[in-house]
Number of protein chains: 2
Amino acid sequence: MKYINNNLSVEKIKIEDIAKKFGTPTYCYSYKKLKDNINNFKNNFKSFSPLICFAIKSNTNVNLIKEIRKLGLGADVVSMGELMVALKAGIEPKKIVFSGVGKTVTEIGFAIDKKILLINAESKSEIVEIERIAKSKKITVNIGIRLNPNTDAKTLKQISTGKKENKFGVDEKVFFDLVDYAKLSKNIKLKCLSVHIGSQILDHKPYKKMLNVINKIIKRSNYNFEFIDLGGGMGISYEKTNKKLNYQKYNMAINKFLKDHKSKIIFEPGRSIVGNIGSLISKVLYIKENEKKDFIILDAAMNDLMRPALYGANHKTLPVIKTNQVSKKIYEFVGPICESTDKFTTLKKFQKLNEKDLIVMCDTGAYGMSLSSNYNLRPKAAEVLIKGSKINVIKKRQKLEELI
Amino acid sequence: MKYINNNLSVEKIKIEDIAKKFGTPTYCYSYKKLKDNINNFKNNFKSFSPLICFAIKSNTNVNLIKEIRKLGLGADVVSMGELMVALKAGIEPKKIVFSGVGKTVTEIGFAIDKKILLINAESKSEIVEIERIAKSKKITVNIGIRLNPNTDAKTLKQISTGKKENKFGVDEKVFFDLVDYAKLSKNIKLKCLSVHIGSQILDHKPYKKMLNVINKIIKRSNYNFEFIDLGGGMGISYEKTNKKLNYQKYNMAINKFLKDHKSKIIFEPGRSIVGNIGSLISKVLYIKENEKKDFIILDAAMNDLMRPALYGANHKTLPVIKTNQVSKKIYEFVGPICESTDKFTTLKKFQKLNEKDLIVMCDTGAYGMSLSSNYNLRPKAAEVLIKGSKINVIKKRQKLEELI
């Protein structure tokens, strides 16, 4: 996104025109950024050409996933719904992995029938369940085991997943037991060791530590894993500090790891593929003056974008038409929902705003629409994908009639 | 809810039977409790027979709202969607008030056309907007003004709404200006002063303080308000401490207030009407042993019940079939979603659980289903209403096909 003649634009389209044509709030994605992110990801790891499985949970829009599929990615799914949407988007089953701590019998059966690449199991009980279902279908199912490497991802507590106290994966001892268990089974074939230490990771060191842990464990297990699934969690730069994960250093660490292990690497990136491609466009409904600050009441709310309420996340906020006037008051950007948590950000020296002005909240392509709800019986926002000078509506605004 | 022969039951129905028939996760509501809550509310305030407007945002199920309407309540709505659902449930427009800081032009127009009792405005800009629309329709619209009484509700920060730093209502000075403004307008008629200081309030003293504030302001404004809307926020007992709001003391304070003011009182209760009527039934998918604790992986997740992730709320959790075995391990109840925030509660000395056992999370009738989402592409839970020995499905489980 950049200003062209003071008009904030995505590729060749003015945000103002999107708002006029499709109303607000609207999620707007840039195809060029999506393509750049995917190419950048591929280039950084091309020395071992990993299987890149897009984490559907970060954005479940089927039309966006179709574009991601065309750019060569597979899918990481965590529910039957996500598996269905990945298949609907045309992703080959052999490029789909199924993760998650609580897969139901129905979900496992469905995944087996669709012949996906791997079901990554997270507990002994789940492996027993997969084996039982596979046996009843008289087939052998390819599985992975998710190891909890007890590695601190140095990220937010709410999105850390690789520590002993997190619900994910199994510890070292259980892992060895399960490898032995799988060796003896006729209906499951252990093909993968999977790990995932958290989300929005900006430092490559936890990844290095994680690789050291699994290196030792694989050697001790004396088992040849066809795949090593390193999960996702690659962070993006949400704030002005511009801190970024150093892919090159991560790549070097993996190359070092691969000298000892002839496995195919799987990645499960979500945020790093779609996070910065999306913006939420919103209109200022009212400006409410207060002693110390002005409330900028937007037509987007926490039901549209949950991250600030849920994680205290802060999204860069920009005016759609740039002027040179600066507000002397502090601005608190809030939504219209009857909750104090329905608050996005507080900014000083923002451009002076008027009612009916448009703003965008940046970097909302991941965990924006996918975490949205109908709270306060608000219909879901529209989603558009920009390709050069073309606007494609990839999801229409929900109609109130569908809700009531 | 009580145990009948060690079988947790709602009215005359065993929870186990609901789970068998309709699957899990399922929200289950007790009609008797709903009726008791409403009668209790009415009885406590019968000396001045208030207009009780159910806060739709707490539970938007149209069939449940129909029952609430039959028991005599009106509705407090905060969006066009909520107004539509209130009307669909058969609530008379003259028993509906419209609150919220960000009503759009469309919403205001719709509310005016439906001739609801009051639009409670929250800013000067909004009043100007209502007036403009009313003028264009050549009518006079009845409005209220929401005052921010700058009163600390002594509740959670996230659900406090009556302090100066909250986005809700207008301060004293603006209030007086708006009263003067309304007096001169031909298209708006000021009928109501409204306040709402927060949610889940368990101490009557903040209410008393609030009444003192508005008493003084009304006297200074020298204006006769036909209605005083005291909002809602009456807390319920979520924890074992059994702390309850003392309705009698609140009633006494209002009676004292009414000696000086001949206004009709409006209440907007939500949680106190439906909070304790609902339970979320869930099945144990897997039990995952960990060094210090066991993870009880449920088939209900944060998308079904958001309050623990969003507010750190703790819901009383009970086994559906009671035994005498106690677990020696700590149990951490989590959902299957791939987020560490997808965690409900941690309990010591809980009954020993096995996989496929059923549990319920209590007091989830308010802000349970209404805050739910489809995160991880999980379909929404079913909702059933129990009346004696009858089970009414008031909302079917969402089908995955509707989602994808």
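The chains referred to below are lettered A, B, ... by the order of the sequence lines, with proteins before strands, and numbering in each begins at 1.
Counting only residues at least two apart or on different chains, no side chain to side chain donor-acceptor pair (under 3.5 Å) pair has a member in residues 78-90 of chain A.
Residue contact with chain B, scored on non-hydrogen atoms closer than 4.5 Å, involves the backbone and the side chain of A/Asp342 alike. With a 4.5 angstrom heavy-atom cutoff, A/Met369 does not touch chain B via any of its atoms. Looking at A/Asp171, neither its backbone nor its side chain comes within 4.5 Å of chain B, counting heavy atoms on both sides. Of the two parts of A/Val62, neither the backbone nor the side chain holds a non-hydrogen atom closer than 4.5 Å to a non-hydrogen atom of chain B. If you measure heavy-atom distances from A/Ser58 to chain B, you find no contacts under 4.5 Å at all.
Of the listed residues A/Ser370, A/Ala55, A/Ala309, A/Pro379, the one with more heavy-atom pairs under 4.5 angstrom with chain B than any other is A/Ser370. Ranked by non-hydrogen atom pairs under 4.5 Å with chain B, the options A/Glu401, A/Lys283, A/Lys293, A/Lys292 are led by A/Lys293. Contact count versus chain B (heavy atoms, under 4.5 Å) is highest, among A/Tyr286, A/Tyr367, A/Phe295, for A/Tyr286. Contacts with chain B were tallied for A/Leu285, A/Leu400, A/Ile287; A/Leu400 has the most, counting heavy-atom pairs under 4.5 Å. Here A/Lys288 is the residue among A/Arg378, A/Lys288, A/Met80 with the most heavy-atom pairs under 4.5 Å with chain B. Most heavy-atom pairs under 4.5 Å with chain A, from the set B/Asn376, B/Leu298, B/Thr60: that is B/Asn376.
When atom types are taken as modelled, the side chain of B/Tyr311 and the backbone of B/Met306 share no donor-acceptor pair closer than 3.5 angstrom. A/Lys167 contributes a side-chain N or O that, together with a main-chain N or O of B/Gly335, makes up a donor-acceptor pair within less than 3.5 Å. Distance alone, capped at 3.5 Å, places no donor-acceptor pair between the B/Lys343 side chain and the B/Ser340 backbone.
Taking non-hydrogen atoms and a 4.5 Å limit, the residue list of residues 123-130 of chain A in contact with chain B, ordered by number, reads A/Ser123, A/Ser125, A/Glu126, A/Glu129.
In summary, B/Lys329 and B/Asp294 engage in a salt bridge, as defined by a charged side-chain N under 4.0 Å from a carboxylate O. A salt bridge is absent between B/Lys380 and B/Asp304: the closest approach of a Lys/Arg side-chain nitrogen to an acidic carboxylate oxygen does not fall below 4.0 angstrom.
Applying the 6.0 Å contact sphere to CD of B/Glu289 captures no more than 12 heavy atoms from other residues, nucleotides or ligands.
B/Pro336 approaches B/Ala300 most closely through the heavy-atom pair CD-O, 3.4 Å. Scanning both residues, B/Gly102 and A/Ile297, for their nearest heavy atoms gives CA-CG2, 3.9 Å.
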**Q.** Evaluation steps, side chain to side chain donor-acceptor pair (under 3.5 Å), between A/Asn120 and A/Arg146
**A.** CA-CA 6 Å; A/Asn120 283 335; A/Arg146 178 162 171 180; over 6 Å; no

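Cation-pi check for B/Lys57 over A/Tyr375 is not met; the charged atom does not lie both under 6.0 angstrom from the ring centroid and within 45 degrees of its normal.
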